[in-house]
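Each residue takes its place number in the sequence, starting with 1. Atoms considered below: every heavy atom in the structure, side chains included; atoms not considered: hydrogens, waters and symmetry mates. Just so it is clear, the model here is predicted, and its values are computed rather than measured.
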Amino acid sequence: MIMFTLIASIIIAVLGYGWWWHRHGGGKAAREQEAAESRRRGPRLQMHGWRYDPTHDGDIRYRVNGTSPGGIAWTVEYDCDHSSSSSSPRLTFIAPELAAEEDEWVLMDRWSFDISRKGVGGAMIGGVSALGVVFSKVFARRRDFYLNASERPVGTPALRERFVVIAESSLYDALIDADAEARILVWPPFKQSMSRLDNCLSAGCGEKGVQVKLYVDGPSVDVIEQVVRLGEALADATKRAAQG
């Protein structure tokens with residue numbers, strides 16, 4: 001009886017602390033901070049002529065819409081990923097106008113690229129892809145791209161030390177100019193939702209258009225602006241490459 005009472009008391013104390021934390025402690029402080037950030041976010045993003053939509057849509061907490069200097073319409077959305085058991089919040093830039101039937105190019109971090117192409121990692125990924133193509137045409141198309149694409153001489157040695165651009169065509173060798181490279185290599189401080197900083201960033205052009213993904217938890221306005229500027233640069237460069 002004493003043990004039962006002790007366990008019940010502990011459970012009640014834990015539940016009570018959780019309720020207090022949510023209503024009055026750190027949970028309340030986090031909500032107030034997010035509300036304040038949301039109030040600042042809209043006016044600042046709108047200064048660029050972008051449209052800010054704070055409407056919640058499932059895990060999507062807000063969207064931003066605009067047009068690149070080259071006339072490409074884009075959307076940025078923040079997915080908090082709270083419904084996932086292993087949450088990985090992310091900010092995604094999408095330019096659907098540039099959708100392609102096949103993958104055109106992919107930007108990924110050097111470490112992940114080397115793991116996927118060498119030694120045991122390459123053999124394991126090859127085995128998984130061989131199994132996946134049996135069940136998915138999309139998987140088969142993606143596998144064919146990675147088999148046929150090659151690393152392109154994009155950017156400076158400083159960029160290629162940390163990131164890789166792979167493509168089948170040399171049209172994308174001028175994909176990243178000096179400004180875009182600086183945005184890839186140097187970011188405002190952010191809370192990463194992946195284990196490695198460089199692994200937080202990826203980009204590509206495929207069936208959904210040009211996308212830039214940054215795995216970040218609660219991005220600041222500075223980070224949102226940088227994702228947009230990088231996305232615009234990659235989208236406009238992709239359009240120029242497609243035009244020859």
- Message: I'd like to know whether CD of Q243 has more than 12 heavy-atom contacts from other residues, nucleotides or ligands below 6.0 angstrom.
- Response: yes
- Query: How long is the gap from CG on D198 to CZ on R110, to the nearest 0.5 Å?
  - Reply: 11.0 Å
- Item | Heavy-atom pair of closest approach, residues G71 and D236 | N-OD1, 4.5 Å
- Give the minimum heavy-atom separation between L98 and A235, together with the two atoms involved. CD1-O, 3.3 Å
- Are E168 and F145 side-chain neighbours, meaning at least one heavy-atom pair lies under 4.5 Å? yes
- Task: Find out if a path of hydrophobic residues (ILVMFWY) with successive side-chain heavy-atom gaps under 4.5 Å connects V228 to Y215.
- Result: no
- Non-hydrogen side-chain atoms of T238 and L175 separated by less than 4.5 Å: yes
- Query: Do I176 and L159 come close enough that some side-chain heavy atom pair is under 4.5 Å?
  - Reply: yes
- Message: With rounding to the nearest 0.5 angstrom, report the CG to SG distance, L91 to C80.
- Response: 12.5 Å
- Query: Just checking, any donor-acceptor pair under 3.5 angstrom between side chains of D109 and S112?
  - Reply: yes
- Item | Check against salt bridge (charged side-chain N to carboxylate O under 4.0 Å, His left out), E77 and R61 | CA-CA 8 Å; E77 55 186 33; R61 287 296 179 258; over 6 Å; no
- State, without any angle test, whether Y172 and E104 hold a side-chain donor-acceptor pair at a distance under 3.5 Å. yes
- Message: Working to the nearest 0.5 angstrom, can you tell me the gap between K213 NZ and I94 CD1?
- Response: 8.0 Å
- Message: Using the rule given for side-chain contact (heavy atoms from CB on, under 4.5 Å), can you reason through F190 versus C200, listing the C-alpha separation, both sets of side-chain angles and the distance that settles it, and then say yes or no?
- Response: CA-CA 10 Å; F190 67 85; C200 290; 4.2 Å; yes
- Message: Could you check whether any side-chain heavy atom of V76 comes within less than 4.5 Å of a side-chain heavy atom of R63, counting everything from C-beta outward?
- Response: no
- Item | Side chain proximity check, F93 to L234, heavy atoms < 4.5 angstrom | no
- Gap separating the CD1 atom of I115 from the CZ atom of F113, nearest 0.5 angstrom: 12.0 Å
- Task: List the steps, then state whether salt bridge (charged side-chain N to carboxylate O under 4.0 Å, His left out) holds for R183 with D179.
- Result: CA-CA 6 Å; R183 295 184 188 280; D179 182 67; 3.1 Å; yes
- Item | Atom pair NZ (K191) and OG (S220), whose distance is rounded to the nearest 0.5 Å | 13.5 Å
- Item | Test item: I184 and L107 side chains (from C-beta on) under 4.5 Å apart, heavy atoms | yes
- Message: Hydrophobic cluster membership, with links at side-chain heavy-atom distances under 4.5 Å among I/L/V/M/F/W/Y: are V212 and V186 in one?
- Response: yes
- Task: Check the side chains of W50 and T67 for a donor-acceptor pair under 3.5 angstrom, ignoring hydrogens and angles.
- Result: no
- Query: What's the spacing between L201 CG and Q226 CD if we round to 0.5 Å?
  - Reply: 9.5 Å
- Message: Strictly distance-based, threshold 3.5 Å: is any side-chain N or O of S87 a donor or acceptor partner for the main-chain N or O of D81?
- Response: yes
- Query: Should R90 and D59 count as an ion pair when the cut-off is N to O under 4.0 Å?
  - Reply: no
- Between Y78 and G218, is there a donor-acceptor pair closer than 3.5 Å when you use the side chain of the first and the backbone of the second? yes
- Answer yes or no: does atom CD of E161 have more than 12 heavy-atom neighbours from other residues, nucleotides or ligands under 6.0 Å? no
- Message: Side-chain heavy atoms nearer than 4.5 Å, only ILVMFWY residues, links allowed to pass through others: does that put I60 and W74 together?
- Response: no
- Query: Is a side-chain N or O of D53 found less than 3.5 angstrom from the main chain of T55, in a donor-acceptor match?
  - Reply: yes
- Would you sort out whether V154 and F163 count as a side-chain contact (heavy atoms from CB on, under 4.5 Å), showing the intermediate values? CA-CA 10 Å; V154 177; F163 290 92; over 6 Å; no
- Message: For P219, run the side chain to side chain contact (heavy atoms under 4.5 Å, CB included) check against D217, V221, V216 and tell me which one passes.
- Response: V216
- Query: How far apart are the C-alpha atoms of E181 and T156, what are their side-chain angles, what is the distance that settles it, and do they pass the side chain to side chain donor-acceptor pair (under 3.5 Å) test?
  - Reply: CA-CA 8 Å; E181 177 171 326; T156 68; 2.3 Å; yes
- hydrophobic_cluster_shared for Y52 and M47, side chain cutoff 4.5 Å: no
- Item | L214 with L197, same ILVMFWY side-chain cluster at under 4.5 Å | yes
- Got L45 and I224 here, is their nearest side-chain heavy-atom distance under 4.5 Å? yes
- Item | Test side-chain contact (heavy atoms from CB on, under 4.5 Å) applied to W187 and L230, step by step | CA-CA 11 Å; W187 287 85; L230 175 58; 4.1 Å; yes
- Would you check if there is a donor-acceptor pair between the side chains of S150 and R152 at a distance under 3.5 Å? yes
- Show your working on side-chain contact (heavy atoms from CB on, under 4.5 Å) between D79 and T92 and close with a plain yes or no. CA-CA 8 Å; D79 185 343; T92 305; 6.0 Å; no
- Query: S88 and S193: which non-hydrogen atoms are nearest, and at how many Å?
  - Reply: C-OG, 3.9 Å
- Message: For G70, is there any backbone N or O sitting under 3.5 Å from a side-chain donor or acceptor partner on K239?
- Response: yes
- Message: A cation-pi test, strictly: NZ or CZ of R41 under 6.0 Å from the centre of the six-membered ring of Y62 and no more than 45 degrees from its axis. Yes or no?
- Response: yes
- Message: Using a strict threshold of under 4.0 Å (side-chain N to carboxylate O), is an ion pair present between E151 and R160?
- Response: no
- Message: Quick one, P96 and K208 - any side-chain contact, counting heavy atoms below 4.5 Å?
- Response: no
